[in-house]
Protein chains: 2
Amino acid sequence: MAEGTRRTPLSRERVLRAAVALADGSGAGGGAGGSGGAGGDGAVGGSAGVEALSMRKLAQELGVVPMALYKHVANKEELLAGMVDAVVGEIDPPAPGADWKDVVRQRVLSARRVLRHHPWAPRVIESLPAPTPAMLDHLDSVIGTFRSGGLSADLTHHAMHALGGRVLGFSQELFDASPPGGTPAGQTAPEAAAQAAELAARYPYIAEIAASAVHTDGSVISGGCDDQFEFEFALDLLLDGIDRLHRRGWTSSAHRGGPSAAPAGG
Amino acid sequence: MAEGTRRTPLSRERVLRAAVALADGSGAGGGAGGSGGAGGDGAVGGSAGVEALSMRKLAQELGVVPMALYKHVANKEELLAGMVDAVVGEIDPPAPGADWKDVVRQRVLSARRVLRHHPWAPRVIESLPAPTPAMLDHLDSVIGTFRSGGLSADLTHHAMHALGGRVLGFSQELFDASPPGGTPAGQTAPEAAAQAAELAARYPYIAEIAASAVHTDGSVISGGCDDQFEFEFALDLLLDGIDRLHRRGWTSSAHRGGPSAAPAGG
DNA sequence: CAAGGTAGGCGTACGCCGTACACTCGTCAA
DNA sequence: TTGACGAGTGTACGGCGTACGCCTACCTTG
């Protein structure tokens, strides 16, 4: 390498941006070319996701030696927190005006939109030992929307818990609709069909649900069901329930006793 | 080591049990004593959780060399799946008789009880590439309860999505109520109070919520709010919403159009 | 201009990880 | 007796995060 070309210096921001890009899967944006040869048999560490993000790979992407990164981030955990902070910071600010339900709805859907671009983020967020500043800003702002809408602090507290990860744009879609084992890459169509049939025999209700999803759609979208619709369904369900409690003047202290004291009951 | 004592042979089940115990944090149940000295500076890998579970530590716990484990599990991923399968298998079978809502409720609460004993399980479950047989059994059984209760396949499908991880006993309680940074182990009470005050100034709504939780409880329980109550609140909210839709004959196809087509609206 | 401080990047090294591969050894059937 | 076989062993490799010390380009100050 000719040393005449002056390398743009590292910075915390540049490190974080490269890390996010690497986790997103959009690698190979740096300058220096790395060694071509790969390792032997391990085969661990895909081309995207947190698995693909190692300090060494990130350094290579930036054309720098691994230890150089430690001048800008304390350690890998702080790097991950910084990445989350950057991503969460992309969530739209609250739209002014509309009523609290709409505002929260827009906020959450914006968060979802952002997180969909960084599929690694939910897992990383859940692995953090503490929320990042941007997360706290977002949570605080959502809480503020509830409170400004007239909800009691008590109800808002429970509402935030009920919304859970949805506030940050993700709900755990446990697995996509593909069958377990997910067509292991070297499988013919008849084999897959046979496996599906066996599965249907073993788990009839699951099969029925999957089939009904396909019928309802009219076509198979993203494995047979509409993620976005599912997300909004759950979101609206929760929001409407919360709204009803609010209008009813519900208070948690009146329901502490019985385990079956349904909040939206009777 | 005296080689007179015949070691009970390994088996897949013994490996899985030891792995679960190690992840639970109840280690040191094996036979052979390991080397005392620990490593130098890394300090990664606590005394419990998935972090603490390495093939090497597990082997040591079983008084065996690491590679011996590979005669009983294909690799670490399969080990984790086996652990999850064992744990999910502990969930109570459905109680007969009562109406669908109660049955689901008991089932989910049983799942929660089980998972509370294995705090590492949710994270591992979310990291699995596909559901395990025991998970499929559980999901199928819950779906069956909905269907036997008269819910349409369509509504049941959406209900399962809405319930999400709760069906398996966990909802992401993003973080406990402790302040970020969580009293970093070398901190005096005045310092903590000052930090809390600063936090309250920066995030007024969060502080208000936290305070109201403490007041409602009358005492600080597990960081200021009752996890169990939060969990049941969200659960009942969702169940009642679903029940209402069911009794109303709600169908998803009538709500596909608008983005604000709230399922329980009006 | 020289002298000295500073901070960013480098190289080396350590202990950990998962696991491929070839081995030994106890057991049992023929 | 012998041969196959399966459980457990030993060694080794590539990868990981990162502690620690060095080297050098830069900026300040005189």
Side-chain angles (χ1 to χ4, degrees), chain A residues 1 3-15 18-19 22-23 30-32 34-47 49-82 127, chain B residues 1 3-15 18-19 22-23 30-32 34-47 49-82 127:
Chain A
M1 296 288 179
E3 62 254 27
T5 65
R6 185 143 259 41
R7 196 173 45 226
T8 53
L10 247 43
S11 72
R12 181 178 168 88
E13 199 174 330
R14 223 164 81 80
V15 168
L22 211 163
S35 65
D41 13 42
V44 170
S47 65
V50 232
E51 325 281 76
L53 182 70
S54 71
M55 299 301 273
R56 293 166 129 101
K57 288 225 194 80
L58 175 57
Q60 180 181 309
E61 202 72 22
L62 287 162
V64 114
V65 92
M67 287 314 291
L69 303 174
Y70 287 87
K71 300 286 182 182
H72 303 276
V73 297
N75 47 46
K76 188 173 186 182
E77 193 173 276
E78 208 214 68
L79 173 76
L80 291 173
S127 81
Chain B
M1 307 250 188
E3 62 251 30
T5 65
R6 186 146 254 42
R7 194 174 47 228
T8 52
L10 247 43
S11 72
R12 182 179 167 87
E13 200 175 330
R14 225 164 80 79
V15 168
L22 210 163
S35 65
D41 11 45
V44 169
S47 64
V50 232
E51 325 282 76
L53 182 69
S54 71
M55 299 302 273
R56 294 166 129 100
K57 287 224 192 82
L58 176 56
Q60 179 181 308
E61 202 73 23
L62 287 163
V64 112
V65 94
M67 287 313 292
L69 302 174
Y70 287 86
K71 301 286 180 181
H72 303 276
V73 297
N75 48 46
K76 188 173 186 184
E77 193 173 274
E78 207 215 66
L79 173 75
L80 291 172
S127 81

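On a predicted model such as this, the values are computed, not experimentally measured, just so you know. Chain identifiers are assigned alphabetically (A, B, ...) following the order of the sequence lines, protein sequences preceding nucleic acid strands; residue numbering begins at 1 within each chain.
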**Item:** Close side-chain approach of A/Leu62 and A/Leu69, heavy atoms under 4.5 Å
**Value:** yes
**Message:** Do B/Leu79 and B/Leu53 make a side-chain contact, defined as non-hydrogen atoms from C-beta onward lying under 4.5 Å apart?
**Reply:** yes
**Message:** From the set D/dG17, C/dG18, C/dG9, return the single nucleotide nearest to any side-chain atom of A/Leu10.
**Reply:** C/dG9
**Prompt:** To the nearest 0.5 Å, how far apart are NZ in A/Lys57 and OG in A/Ser54?
**Reply:** 4.5 Å
**Item:** Rounded distance (Å) that lies between atom C1' of D/dG15 and atom CG of A/Leu58
**Value:** 16 Å
**Message:** Nearest whole Å is fine: how far is D/dG17 C1' from A/Leu80 CG?
**Reply:** 12 Å
**Prompt:** Just how far, in rounded Å, is P of D/dG8 from CD of B/Gln60?
**Reply:** 17 Å
**Request:** Starting from C1' on C/dG8, measure out to CZ on A/Arg12 and report it in whole angstrom.
**Result:** 16 Å
**Prompt:** Can you name the side chain to side chain contact (heavy atoms under 4.5 Å, CB included) partners of A/Ala81, sequence neighbours left out?
**Reply:** A/Leu128, A/Thr132
**Request:** Please list, by residue number, the residues of residues 65-72 of chain A whose heavy atoms come closer than 4.0 Å to an atom of DNA chain C; answer none if no residue qualifies.
**Result:** A/Val65, A/Met67, A/Ala68, A/Lys71, A/His72
**Asked** Expressed in angstrom and rounded to an integer, what is the separation of A/Lys76 atom NZ from D/dT18 atom P?
**Response** 8 Å
**Prompt:** A/Met55 versus A/Val73: any side-chain heavy-atom pair under 4.5 Å?
**Reply:** yes
**Asked** Roughly how many Å is it from CD in A/Glu77 to P in D/dC16, rounded to a whole number?
**Response** 19 Å
**Item:** Residue pairs fulfilling side chain to side chain donor-acceptor pair (under 3.5 Å) with at least one residue in residues 62-80 of chain A, sequence neighbours excluded
**Value:** A/Arg12-A/Glu78
**Request:** Find the distance B/Glu51:CD to C/dG18:C1' and express it as a whole number of Å.
**Result:** 16 Å
**Prompt:** Side chain of A/Arg56, base of D/dG15: donor and acceptor closer than 3.5 Å?
**Reply:** no
**Asked** B/Leu53 has an atom CG; how far is it from atom P of C/dT19, in whole Å?
**Response** 12 Å
